[in-house]
Amino acid sequence: QKPTCIETVMALPLQVCAQLCRRPCYCPWVPPRCPRGSPLVLDGCGCCKICARRLGEPCDFLNVCDQSQGLVCDYSTAAAGTGATCNFEDDEEGCEVNGRVYRDGEVFQPSCKLQCRCLDGGFTCVPLCQEDVRLPTPDCPYPRRVEVPGKCCPEWICEARDWHLLRDAGAVSPPLLYPCQEWSTEWSACSATCGVGFSTRISNQNRYCRLETQRRLCMARPCPALPAASP
């Protein structure tokens, strides 16, 4: 049995609830198009279809949270002037990845190349594919990492190219005596789960075509604001 207006929002007087839940229902002919991970649900009056609010999104009596993810409208932050937001019913923190909410401590794989764990509202990931680097050798002068159909992790192959230029060259010094085959690993996961961090990769995209570790700034998501101190 669906809870009544008074049972759902005890802080609202009966007159306000009656104004919110007018009968008969007047709903748009075309239902709204919801973002990924947000299902269509009935609003708080049980009248019109709306997009369920996700973790951390603002909510109220009419704009309900996604109960299939265990979310409820948390009014504990409303006193601080920030308004109510969707949170887990048992106050357990979780994280949202690609439109799906994971519980704190849950291990998941957003792709076959990564394994992640939800922790304290953020998540950390480790690569499942080896990031080994194959250097050029006489029997494999042009190693290249390629995607193999049917396999998740890329594999190294040896390309046949003209190697006679380097046969008697010995150590290579600039200027290069052969065309540089650009190669690099994928950028690693961001070092910080929120705020500014950095990710790394190994690449030869430089002046001397030498393998080196490169870094760049990254930000997985903004850090949440600190809650107001309790008196």
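Everything numeric in this text was worked out from a predicted model, so none of it was measured.
Remark: Lys49 engages no residue in a salt bridge (Lys or Arg N to Asp or Glu O under 4.0 Å) (not counting sequence neighbours). Under the rule for a side-chain hydrogen bond (donor to acceptor under 3.5 Å, both in side chains), the partners of Asp66 that lie at least two apart in sequence or sit in another chain are Ser68. Looking at residues two or more places apart in sequence or on another chain, you find a salt bridge (Lys or Arg N to Asp or Glu O under 4.0 Å) between Arg144 and Glu159. Every residue two or more places apart in sequence or in another chain was checked for a side chain to side chain contact (heavy atoms under 4.5 Å, CB included) with Val30, and none qualifies. In this structure Glu57 satisfies the salt bridge (Lys or Arg N to Asp or Glu O under 4.0 Å) test together with Arg54, sequence neighbours excluded. Partners of Glu155 according to the salt bridge (Lys or Arg N to Asp or Glu O under 4.0 Å) rule, which considers only residues two or more places apart in sequence or in another chain, are Lys151. Contacts of Trp156 classified as ring-ring contact (aromatic ring centres under 6.0 Å, His included), with partners at least two apart in sequence or in another chain: Trp183.
Every pair tested for salt bridge (Lys or Arg N to Asp or Glu O under 4.0 Å) that includes a residue from residues 188-197 fails, sequence neighbours excluded, so the list is empty. The salt bridge (Lys or Arg N to Asp or Glu O under 4.0 Å) pairs that include a residue from residues 183-200 are Lys113-Glu186, where partners are two or more places apart or lie in different chains. Pairs of residues two or more places apart, or lying in two chains, never qualify as side chain to side chain donor-acceptor pair (under 3.5 Å) while including a residue from residues 26-37.
Through direct or indirect side-chain contacts shorter than 4.5 Å among Ile, Leu, Val, Met, Phe, Trp and Tyr, Val64 is connected to Val41, Ile50.
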Donor-acceptor pairs under 3.5 Å, side chain of residues 190-199 to any protein atom, not counting sequence neighbours: which ones?
from, atom 1, to, atom 2, distance (Å)
Ser191, OG, Phe198, N, 3.0
Ser191, OG, Phe198, O, 3.3

